[in-house]
Structure formats: structure tokens, C-alpha cells
Amino acid sequence: MPDNGWPADRIDTESAHSARIYDYILGGKDYYPADREAGDAMAREWPALPIHMRANRDWMNRAVRWLAEEAGIRQFLDIGTGIPTSPNLHEIAQSVAPASRVVYVDNDPIVLTLSQGLLASSEEGKTAYVEADMRDPGSILDAPELRETLDLSQPVALTVIAIVHFMLDADDAVGVVRRLLEPLPPGSYLAMTIATAEFAPEEVGRVAREYAARNMPMRLRTIDEAHEFFTGLDLVEPGIVQVHKWHPDGTGEQGIRDEDIAMYGAVARKD
């Protein structure tokens, strides 16, 4: 792998990291041997893991495009951004509306060091990056970068994609999401993907154990638990479904079996 100039004092290269595992499985280059070993071990336990991860990424593309085209959203707050992978969220939104504004949030130093890929905004729009932990929503909402980029008197799409399964019960993921939604005005949206083991319990359970063995315990949720995140919001059709079934566009869903996907996806409006 090339020397990316990452600050060695902040990045643990000996331990696997969820964002780098994701990058490795999606065919990226920003990972270390520990991430490759972990990704290979997980794919052996569940060979559909790459299909599942690509489907989650494809869902993000479709959901953001829907929010920009159909809902007219021009502001996005993306929590748990992960390693930049083109097209990034702002590229999708700005391809529809060049004046779109995006704030990315992550607490991983590797994302910070690669964040220039997230800040290459169109001239008409704007992007910003906030280094903060989702479990401290106040640090996100009070960040100067957010306040200088987004107008919270106008609708915002809060995107929380493939992250809450790393929040355990003690972290109160539902409460955190509600706190992030609280200052957003009516007409805002919540777009989420939520990991589940309901379609391949044995295989996904084995993957979860591989994560836990590397100090990344997971909290997989049922459909009823997924609904808790959207209480009081108006779900966009077709509601909470596996990600490959949400507004399919015919470009990547063919041949995907339900048991290949361990992620629910949904978009809902705040009135």
C-alpha cells in the first residue's frame, strides 16, 4: 500500500478497524494487513459479505439521489462518514443540485487525514468535516464547521448509514439519533441503514463474533427495533426494508437473495 502520510501516533495499524475492513472489502486501498486479515476471515464465515456491503453503498447512492431529486433537500449531515469512496455523498447530491451543502462527521483519524476527498465541493455548494463522536451529539451540533455550513432553519437530511450496529445498548443509539434530529426543522429527513441478523442468523452471527474478537462488538437489531429510530416520523414508501429492496433502480439488485443482505434501510420525513 502507498505511504499516505497518516499520523502514526494516532492510527493503530496493528488492530483491524471497521471502516478499513469496509474499504478493503469494497476494493479500496486505505487499509492495513490487520484489516485484510479480518475481512478475509469474515468473508470466509459469510461469503455474501461483499454483496451485502456493496448493497449498503448502493443504497446510500439511491437514497441521497432521492432526497435531492424527489424531496428537494439541499443540506446533508452525514454521521459516521467512513473512508472516502467515490462517489461520495456530496458528489451525488451536487450532481443533482450543485449548491448542495454537506457536513461529514467521523471520529476516526484515518478519515480525517483522507478528508480532502470529502471537501472537494462544487463551486456553488460547500462541504465541511467535523471530527466528533456520534455518542456526543452536542459536540456535533455545536461544531463551528456545522454552523458555518448548514442553515438549521432550512430542511436537512440526517444520514446515519451502517453505523448504529457499533453502538451497544448502553450507548442509547435511538436517543442519540433523536438528539441529532431535534434541532432540524420540519421538512427534514432521517435516512438510515440498520444491521440485522434476521435473514441469515447463523452466518451474520459468525461475522459479528469475528468483529467482537477484534474488539468491535456489534448490536444487531430486529425489524421492531429498527422501527424505534423512526418513531414520530413519516416513513417514505416502501418503509423499512432490506437495502436492496428500497427504490431499486435495476443497476445492482439482480440476483441478490434476501439471505445475502443483513441491513435494513429507510428514509423518513420530520413534520
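The residues of the chain are indexed from 1 along the displayed sequence.
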Does the [X] side chain pair with the main chain of [Y], one donor and one acceptor, at a distance under 3.5 Å?
X	Y	result
T81	V105	yes
T85	I83	yes
R221	V164	yes
E145	V130	no

Is any NZ, NE, NH1 or NH2 atom of the basic residue among [X] and [Y] found under 4.0 Å from an Asp or Glu carboxylate oxygen of the other?
X	Y	result
E182	K270	no
R20	D23	no
E225	R219	yes

Nearest heavy atoms of [X] and [Y], plus distance in Å:
X	Y	result
P50	P47	CD-O, 3.3 Å
P87	M60	O-CE, 4.0 Å
F166	M218	CE2-CG, 4.0 Å
F199	P201	C-CD, 3.7 Å
I51	I261	O-CD1, 4.2 Å

In Å, rounded to the nearest 0.5 Å, how long is the span from [atom1] of [X] to [atom2] of [Y]?
X	Y	atom1	atom2	value
Y211	R206	OH	CZ	15.0 Å
L150	K126	CG	NZ	9.0 Å
S86	E91	OG	CD	3.5 Å
L67	I73	CG	CD1	6.5 Å

Yes or no on side chain to side chain contact (heavy atoms under 4.5 Å, CB included) for M263 and Q242, after CA distance, side-chain angles and deciding distance? CA-CA 6 Å; M263 197 77 77; Q242 285 175 286; over 6 Å; no
For residues F76 and V103, determine if any side-chain heavy atom of one lies less than 4.5 Å from a side-chain heavy atom of the other.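 Of all side-chain heavy-atom pairs linking V103 with F76, none is under 4.5 Å.
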Show your working on ring-ring contact (aromatic ring centres under 6.0 Å, His included) between H52 and W46 and close with a plain yes or no. CA-CA 10 Å; H52 156 82; W46 188 35; 5.4 Å; yes
Partner set under side-chain contact (heavy atoms from CB on, under 4.5 Å) for R178, not counting sequence neighbours: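 R178 satisfies side-chain contact (heavy atoms from CB on, under 4.5 Å) with V174, T231 once adjacent residues are dropped.
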Please determine whether side chain to side chain donor-acceptor pair (under 3.5 Å) holds for the pair Y32 and E14, giving the CA-CA distance in whole Å, both sets of side-chain angles, and the decisive distance to 0.1 Å. CA-CA 8 Å; Y32 290 99; E14 300 300 319; over 6 Å; no
